[in-house]
A.B. asks: 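Let me begin by handing over the structure; questions about it come next.
Within every chain, numbering begins at 1; the chains are lettered A, B, ... in the order of the sequence lines, protein sequences first and strands thereafter.
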Protein chains: 2
Amino acid sequence: MSKSNNVYKDAYNRCLRLLDETRSLPSEPELGTLLGVSRTTVRSILARMEETGLIAWNKRSKMVLRAPRPDDFFPEEETDTLAEIIERSFMRRLLAGGAEAGMQINELELAREIGVGTTSVREFLIRFSRFGLIEKRRNSHWVLKGFTRAFALELTEIREMFELRSAAAFAALPEESPVWADLDRLEDEHRLLAREIATRFNEFSELDERFHRLIHRASHNRFIVDFYDVIAMIFHYHYQWNKAQERERNEVAVAEHLVYIAALKSRDLGKVDAACRKHLKSARNTLLTSIPEAGSRSAPEARRA
Amino acid sequence: MSKSNNVYKDAYNRCLRLLDETRSLPSEPELGTLLGVSRTTVRSILARMEETGLIAWNKRSKMVLRAPRPDDFFPEEETDTLAEIIERSFMRRLLAGGAEAGMQINELELAREIGVGTTSVREFLIRFSRFGLIEKRRNSHWVLKGFTRAFALELTEIREMFELRSAAAFAALPEESPVWADLDRLEDEHRLLAREIATRFNEFSELDERFHRLIHRASHNRFIVDFYDVIAMIFHYHYQWNKAQERERNEVAVAEHLVYIAALKSRDLGKVDAACRKHLKSARNTLLTSIPEAGSRSAPEARRA
DNA sequence: ATAATGTCTTTTATCGTGAAAAAACATTTT
DNA sequence: AAAATGTTTTTTCACGATAAAAGACATTAT
C-alpha cells in the first residue's frame, strides 16, 4: 500500500473551500504556498477539479465553473496523517483504562491492531517517548510508565518553572514588540468567550493553548518553547477525557487569564508572578483531580512545595 | 543484510574477559543477566567458545580450557550499534565545519554516505531532534539549526535552572539517603584525580557526567533527569572537539566540584547555591569559547566535500 | 520442587522497494 | 527578464520481508 495520499486529499478539501470565494484560482506556486504543499500536489488537485467539472483549466486560466457540493469533499478520515491515526489509537488505549504502569508495549501487536506497518509505529513511539510516559528497553519492548500522579507533578513542576520565567521575560519586552498587539487580540477573544461562556466553553482549550504558547515564546528558549508540546499534548487528551465541571473550570480559567493578561500589561513583575502562580496552581489541581489515585501504588512520595 | 549481530559480538567479547577470572562459567540465565543479553545470545556465545576450543561445554558444565588470545576477540568496530555509528558520522559532519545553520539535511544522502538503510537514519534523526539542533519540515527535509552561540545559551539557561533546583533538593535529602555514600565515593574519586591531574586529566569528562547525573537525580523529576542527556551529548562532543587548555580547564572544574561537594555536605543552601552557580558559570564559559563567533569566517577550515 | 537446559515462537532491527510528494530543470507566456 | 507552466528527477513515507535477539514453553537434572 506504500503511502496514502492524505496530503493531496486534505489540500484538495481546503482548496474546495477557496472555490466559494473566487471566480478563478491563482497561479500554481501561489496556490502551493497558500495550501502549504508542493506544486506537484497542486497540479494533482487542479487536474481532479477539472475532471469533476469544478473548474475549467487551461494553462494560466483556472475559471471556477460551479460551487463545490458536499460529495466533492474527500471523507474527513482519509485526510489524517498516519502519525495522527496512530497517536489517537494509542492514546485511546492508554486512557481507556487497563493501562497499568509497568505494562509492556508491543510494536508488532500495536501495528496489527491499528492496521499499519511496524515502521510507522516505531517512529511514533520514538517521537512519543519525549513525553516521558514510555521508555525503551534496549533490543526489547517499550515499558509504559503510566499516567500517574507522579507524572502530573513532575510535568507541572517544570511547567511552572518555565512559565514563571517566560512571563517575566514577556513583561520585560519593549513597548514596540509585536507581542503586545498579539496579547491585545487574545484579550479581546477572552472577553468575548467570557461573555458567551455558557455555550462556547468548549472552545477554551484551543484559546488556552494559543495564550500560553505566546507567553512561552517570550523566553526565546527553544527548550522552553518545545516543552509546551508536552503540556499541550497532555492537556489536549485530558480535556477530552475529563468532562467533569468543564464549564465551571473553563470559566474560572478565563477569568484567571484575564487577570494574568492585565498583570502582563501592567509590567509589574510582582503582579505578573502572582497572577501566573495562581493560574498555574489551579491548572495543576484540575489535572491532578482527573487522575485516579492508584491504591496499590508504592510510595507516592509527597514532594515539592 | 537485515540486522548485524553486534549484540552477540559485543557480549562475546565481554564474556571472553570473564574467562580470565574463573575456571568455569555459571549457568546460562546467570550469564545472561551478567552480560545483559538473552539466553538465546548466551547460547550462541557458548557455542562459539566451544568451537574455538575456549571451553568444554556439556549441559551444566562449562570448563575453561584456555585463556583467550587477542585474536579471539571480535574487532571493536563490529560491536557498535547502528545508532552509534550513525550518530558518530552525523556529529563528525556537523562539527567538522561547513555545517551552516539553515542547511538542509537529506535522509537518503546521509544513509548512502554512511552505508545504512534510510529507516535507521530516519529513526536516528527523530531521536536526535530532541537535542534542539535540527527541525523537521513536514513531508520534506530536516533543517539544521546549527551549533550556535544562541543554542549554547539556551541550553545552559535550562541547565542552570535545573541544576540549582536539583542541588537544593539534594542538600535537603535526609541523612539516611544512600546518595550521601555515593557522593562520598565521588569525592574520593575527585581527590584522586586532582592529585594525578597532570596525566589523567582526560578522565574528567566521564567523572563529570556521573557527578552531575547524581545531583540531577535528586530532583526526582524525569524531565530534569532526561534533560541531562542533552547536556551530556553536547559536552561529550564538545570535549572531543575542543582540546584547548583541556588540562587547565579540567583542573579548575575538579576544584570547583570539590567545593560544590563540600557545600552539599554542609547542607547550607546558601553555600550550595553559590558553589553550584560558580561551577555552572565556568562550564558555560568553556562551552561558549569553543563556539566560533558567527560572521568571522576567517578560520581556514578544511571542508569535507 | 526448583532451576537448569533444550526447543520452539514471537518480536525487534534493518533493509530494499514503490507510490506520494517535493524539488529541480526546461520551456513557454506575459 | 520575471514568472508562470510543463516535464523529469529526487526524496520522503510507509510497507513487507528476513535475520538477530528476546521470550515462552517443554523437558531434564539436581
A.B. asks: For B/R66 and B/D72, work out which heavy atoms get closest and say how close.
C.D. replies: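 That closest heavy-atom pairing would be NH1-OD2, 2.9 Å.
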A.B. asks: Please determine, by modelled atom types, if B/E87 and B/Y237 share a side-chain donor-acceptor pair under 3.5 angstrom.
C.D. replies: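 B/E87 vs B/Y237: donor-acceptor pair found between side chains.
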A.B. asks: State whether A/R39 places a side-chain N or O below 4.0 Å from either non-bridging phosphate oxygen (OP1 or OP2) of D/dT5.
C.D. replies: no
A.B. asks: With a cut-off of less than 4.0 Å, is there a side-chain N or O of A/S4 near OP1 or OP2 of D/dA14?
C.D. replies: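 For D/dA14, neither OP1 nor OP2 has a side-chain N or O of A/S4 closer than 4.0 Å.
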A.B. asks: Ring centroid separation for B/F227 and A/F223, is it under 6.0 angstrom?
C.D. replies: yes
A.B. asks: Would you mind reading off the distance between B/F124 atom CZ and C/dA13 atom P, rounded to a whole angstrom?
C.D. replies: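 Distance, rounded to whole Å: 17 Å.
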A.B. asks: Please state how far atom CD in B/E84 lies from atom C1' in C/dA13, giving the value in whole angstrom units.
C.D. replies: 14 Å
A.B. asks: Categorize B/S44 for me: base, sugar-phosphate, or nothing, with a 4.0 angstrom heavy-atom threshold over every strand shown.
C.D. replies: nothing
A.B. asks: Will you find, in the side chains of A/E78 and A/Y8, an N or O donor that is under 3.5 Å from an N or O acceptor?
C.D. replies: no
A.B. asks: Confirm from the modelled atom types if A/T40 and C/dA23 form a donor-acceptor pair under 3.5 Å, side chain to base only.
C.D. replies: yes
A.B. asks: Tell me whether the side-chain N/O atoms of A/S27 come closer than 4.0 Å to OP1 or OP2 in D/dA3.
C.D. replies: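 So the side-chain polar atoms of A/S27 never come under 4.0 Å of the phosphate oxygens OP1 or OP2 of D/dA3.
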A.B. asks: What closest approach, in Å, do A/L54 and A/L16 show between heavy atoms, and which atom pair accounts for it?
C.D. replies: CD1-CD2, 3.6 Å
A.B. asks: Between N or O atoms, less than 3.5 Å apart, protein on one side and nucleotides 11-13 of chain D on the other: list the pairs.
C.D. replies:
| unit_1 | atom_1 | unit_2 | atom_2 | d |
| --- | --- | --- | --- | --- |
| D/dT11 | OP1 | B/N106 | ND2 | 3.0 |
| D/dT11 | OP2 | B/R112 | NH2 | 3.3 |
| D/dT12 | OP1 | B/E107 | N | 3.3 |
| D/dT12 | OP2 | B/N106 | OD1 | 3.4 |
| D/dT12 | OP2 | B/E107 | N | 3.3 |
| D/dT12 | OP2 | B/L108 | N | 3.1 |
| D/dT12 | O2 | A/K3 | NZ | 3.1 |
| D/dC13 | OP1 | B/N139 | N | 3.3 |
| D/dC13 | OP2 | B/R122 | NH1 | 2.3 |
| D/dC13 | OP2 | B/R122 | NH2 | 3.3 |
| D/dC13 | OP2 | B/K136 | NZ | 3.2 |
| D/dC13 | O4' | A/K3 | NZ | 3.2 |

A.B. asks: Which whole-number value in Å describes the distance from B/I86 CD1 to C/dA13 P?
C.D. replies: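 The distance from CD1 of B/I86 to P of C/dA13 comes to 13 Å, rounded to the nearest Å.
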A.B. asks: Within this structure, what is the CG-to-C1' distance between B/D10 and D/dA21, rounded to whole angstrom?
C.D. replies: 14 Å
A.B. asks: How close do A/D229 and A/R130 get, counting heavy atoms only, and between which atoms?
C.D. replies: OD2-NH2, 2.8 Å
A.B. asks: Remember a base hit wins even if backbone is also touched, and classify A/T119 as base, sugar-phosphate or nothing at under 4.0 Å, heavy atoms.
C.D. replies: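 Contact class for A/T119: base.
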A.B. asks: What is the distance, to the nearest angstrom, from the CG atom on A/L46 to the P atom on D/dG6?
C.D. replies: 10 Å
A.B. asks: Give the nucleotide from the list C/dT30, C/dA23, D/dA22 with an atom nearest to the side chain of A/R60.
C.D. replies: C/dT30
A.B. asks: Should the pair A/H238 and A/F235 be assigned to parallel (<30°), tilted (30 to 60°) or perpendicular (>60°) ring geometry?
C.D. replies: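 Judged by the thresholds at 30° and 60°, the geometry between A/H238 and A/F235 is perpendicular.
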A.B. asks: Just how far, in rounded Å, is C1' of D/dA20 from CZ of B/R43?
C.D. replies: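 Atom-to-atom, B/R43 to D/dA20, this comes out as 16 Å.
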A.B. asks: As a test of reading the structure: which of D/dG6, D/dC15, C/dG6 is closest to the side chain of A/E28, going by heavy atoms?
C.D. replies: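 The closest nucleotide is D/dG6.
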A.B. asks: Provide, to the nearest angstrom, the distance between the NZ atom belonging to A/K9 and the P atom belonging to C/dA19.
C.D. replies: 16 Å
A.B. asks: Does a side-chain N or O of A/K59 approach OP1 or OP2 of C/dT29 to a distance below 4.0 Å, or not?
C.D. replies: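 Yes, A/K59 has a side-chain N/O under 4.0 Å of OP1/OP2 on C/dT29.
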A.B. asks: Taking for each residue the nucleotide of DNA chain D bearing the nearest heavy atom, is the 5' side occupied by A/V121 or by B/V7?
C.D. replies: A/V121
A.B. asks: Quick one: do the B/Q104 and B/W142 side chains pair a donor with an acceptor below 3.5 Å?
C.D. replies: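 Absent: no donor and acceptor within the cut-off.
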A.B. asks: Which is more 5' along DNA chain C, the nucleotide nearest B/N58 or the one nearest B/S120? Just name the residue.
C.D. replies: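 Comparing both residues, the 5'-ward one is B/N58.
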A.B. asks: Can you tell me the distance, in whole Å, between the CD1 atom of B/I85 and the P atom of C/dA13?
C.D. replies: 15 Å
A.B. asks: Think B/K62 has a side-chain N or O under 4.0 angstrom from the OP1 or OP2 of C/dT5?
C.D. replies: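 Yes, within the criterion.
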